[in-house]
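To start, the structure under review is shown below, and the notes come after it.
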Amino acid sequence: MSAVSDRLPAFPWDKLEPYKKTAAAHPDGIVDLSVGTPVDPVPEHIQKALIDAADSPGYPTVWGTPELRDALTRWVEHRLGAREVTHRHVLPVVGSKELVAWLPTQLGLGPGDQVAFPRLAYPTYEVGARLARAEHVAYDDPTELDPTRLKLLWLNSPSNPTGRVLSKAELTRIVAWAREHGVLVLSDECYIELGWEADPVSVLHPDVNGGSYDGIVAVHSLSKRSNLAGYRAAFLAGDPAVLGPLLQIRKHGGMMTPAPMQAAVVAALGDDEHVRVQRERYAARRTALRDALLAHGFRIEHSEASLYLWATRDESCWDTVAHLADRGILVAPGDFYGPAGDRFVRVALTATDERVRAAVTRLTA
């Protein structure tokens with residue numbers, strides 16, 4: 001067992017515990033803007049769908065019910081502008097983190113293969129490569145990579161942690177390069193509903209992929225758009241030649257989304273109004289926190305989308321973490337996402353309105 005765990009880096013969030021204790025000691029309590037976990041209620045119609053499906057004594061299918069697959073294909077066409085999407089183009093998964101961590105292994109990657117991800121990135125991309133014993137490489141521009149041993153290219157737009165959005169032209173160029181070199185593109189688009197100063201585009205859009213899904217797969221999650229992080233609801237959409245074998249592997253592994261969760265996803269994807277309401281909540285919190293951080297002497301880069309502000313005081317990220325912890329505010333150090341983030345912190349928008357007001361008061365006092 002230790003041979004597997006020894007491949008992995010230290011769990012980064014453990015390093016934040018002393019600062020969390022400091023922030024929690026504030027007389028008015030902690031304002032936790034670190035992890036980015038939803039705090040608002042699950043919409044009632046989604047809860048009702050879950051409850052109505054609670055009597056589900058049989059095993060669910062890995063591929064999901066026909067109703068779920070219908071909901072996935074409709075949403076991909078309606079929201080992302082994709083065309084001619086069938087059930088073969090979609091696959092539900094048990095939360096996007098599970099997928100990211102185990103995808104290289106499920107694709108059969110191993111020693112000698114390379115997995116690439118952005119220079120500043122969600123740490124689980126690297127974890128997935130390590131679990132498969134594959135090599136990992138970080139990039140600024142993926143088209144400058146040596147494609148010889150590159151098997152899997154992760155894109156992330158909008159980005160976690162920076163909130164950067166790749167333009168349609170950038171995505172088109174990267175997809176064309178990857179296809180030329182036989183590299184599979186996985187596009188993590190979990191924050192695509194949360195564009196503020198940019199309108200994120202999916203690799204599934206025909207303007208990006210030329211009307212073909214060959215060699216591209218998009219990852220989507222309901223955790224942020226619908227407050228369903230606790231439901232572990234996510235899915236893949238794209239190349240059937242990739243999703244078909246993955247479906248078979250996941251059948252053997254018993255990687256099934258519970259039946260009540262499948263019903264909840266159908267309800268969530270069939271309604272745009274709750275997404276609009278949640279966006280308005282996050283937009284208001286973003287404006288308040290952004291203005292307060294700027295007033296406190298921070299500089300904010302990118303952050304045109306997603307659930308985070310990428311902020312710096314031009315000092316070590318850990319000095320900034322300590323500075324804010326003394327004021328009862330907990331944020332994530334930028335080096336969690338790669339060495340290039342060592343002078344930034346990631347500030348999540350996922351706190352209640354009351355806690356956001358508390359943070360604003362402490363930053364502007």
Side-chain angles (χ1 to χ4, degrees), residues 35-80 82 85 87 89-100 158 160 188-195 200 202 204 218-237 250 255-286 305-308 348-356:
V35 177
T37 186
V39 297
D40 299 303
V42 173
E44 288 187 9
H45 75 284
I46 300 176
Q47 293 188 48
K48 184 177 185 302
L50 181 81
I51 293 166
D52 288 348
D55 186 14
S56 298
Y59 290 112
T61 63
V62 172
W63 202 12
T65 62
E67 292 78 14
L68 174 59
R69 283 177 263 142
D70 283 343
L72 296 177
T73 57
R74 279 196 302 267
W75 186 86
V76 167
E77 292 188 341
H78 163 70
R79 178 60 185 83
L80 305 181
V85 180
H87 286 193
H89 293 92
V90 294
L91 178 64
V93 295
V94 192
S96 58
K97 184 168 185 173
E98 166 263 304
L99 182 279
V100 173
N160 173 16
D188 181 346
E189 301 174 353
C190 290
Y191 296 92
I192 203 164
E193 299 271 25
L194 299 170
S202 172
L204 301 179
V219 184
H220 286 272
S221 168
L222 284 80
S223 292
K224 308 303 193 292
R225 72 185 293 280
S226 300
N227 300 332
L228 295 187
Y231 284 44
R232 311 314 301 134
F235 64 93
L236 304 178
R250 295 173 69 85
M255 304 177 89
M256 318 171 212
T257 303
M261 305 305 183
Q262 295 188 28
V265 170
V266 173
L269 291 180
D271 173 64
D272 292 333
E273 177 60 17
H274 77 280
V275 180
R276 184 193 64 78
V277 170
Q278 190 60 44
R279 274 181 52 87
E280 289 183 355
R281 289 187 184 120
Y282 284 137
R285 292 166 187 165
R286 178 181 183 272
S306 84
L307 273 182
Y308 311 105
L349 309 179
T350 50
T352 64
D353 293 341
E354 183 274 329
R355 287 289 83 188
V356 168

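- Under the side chain to side chain contact (heavy atoms under 4.5 Å, CB included) criterion, D70 pairs with R74, H87, not counting sequence neighbours.
- Under the salt bridge (charged side-chain N to carboxylate O under 4.0 Å, His left out) criterion, E67 pairs with no residue, sequence neighbours left out.
- Two residues are said to be in side-chain contact when any heavy atoms from C-beta on lie closer than 4.5 Å; D272 and H78 meet this criterion.
- Every residue two or more places apart in sequence or in another chain that forms a side-chain hydrogen bond (donor to acceptor under 3.5 Å, both in side chains) with R286 is listed here: E197.
- Side chain of W75 to main chain of V266: no donor-acceptor pair is present (N/O by atom type, distance under 3.5 Å, no hydrogens or angles).
- Taking E189 as the reference, S187, S202, H220 meet the side-chain hydrogen bond (donor to acceptor under 3.5 Å, both in side chains) condition, with sequence neighbours excluded.
- Atom-to-atom distance recorded for L269:CG and L68:CG is 8.0 Å, nearest 0.5 angstrom.
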Begin with the C-alpha distance, continue with both residues' side-chain angles, and end with the deciding distance and a verdict on side chain to side chain contact (heavy atoms under 4.5 Å, CB included) for L194 and Y282.
CA-CA 9 Å; L194 299 170; Y282 284 137; 4.2 Å; yes
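- Listed by chain and number, the residues in a side chain to side chain contact (heavy atoms under 4.5 Å, CB included) with S96 are C190, V219, S221, A234 (sequence neighbours excluded).
- In terms of modelled atom types and a separation under 3.5 Å, the side chain of E77 and the main chain of V85 share a donor-acceptor contact.
- In this structure, E354 places its CD atom where more than 12 heavy-atom neighbours from other residues, nucleotides or ligands lie under 6.0 Å away.
- Applying the salt bridge (Lys or Arg N to Asp or Glu O under 4.0 Å) rule to pairs touching residues 221-234 yields E193-R225, sequence neighbours excluded.
- Residues satisfying the side chain to side chain contact (heavy atoms under 4.5 Å, CB included) test with P43, not counting sequence neighbours, are H45, I46, H274.
- Using a 4.5 Å cut-off on side-chain heavy atoms (C-beta onward), L91 and W63 make contact.
- Take P200 and apply the side chain to side chain contact (heavy atoms under 4.5 Å, CB included) test, not counting sequence neighbours, and it matches P158, V165, I192, A305.
- With sequence neighbours left out, the side-chain hydrogen bond (donor to acceptor under 3.5 Å, both in side chains) criterion links D40 to Q278, R285.
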Could you go through residues 49-59 and list every donor-acceptor pair under 3.5 Å that involves a side-chain atom there, pairing it with any protein atom two or more places apart or in another chain?
residue : atom : partner : partner atom : Å
D52     : OD2  : K48     : NZ           : 2.8
S56     : OG   : A53     : O            : 2.4

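- Residues that satisfy the salt bridge (charged side-chain N to carboxylate O under 4.0 Å, His left out) test with E273, not counting sequence neighbours, are R276.
- Every residue was checked against the side-chain hydrogen bond (donor to acceptor under 3.5 Å, both in side chains) condition with T257, not counting sequence neighbours, and none meets it.
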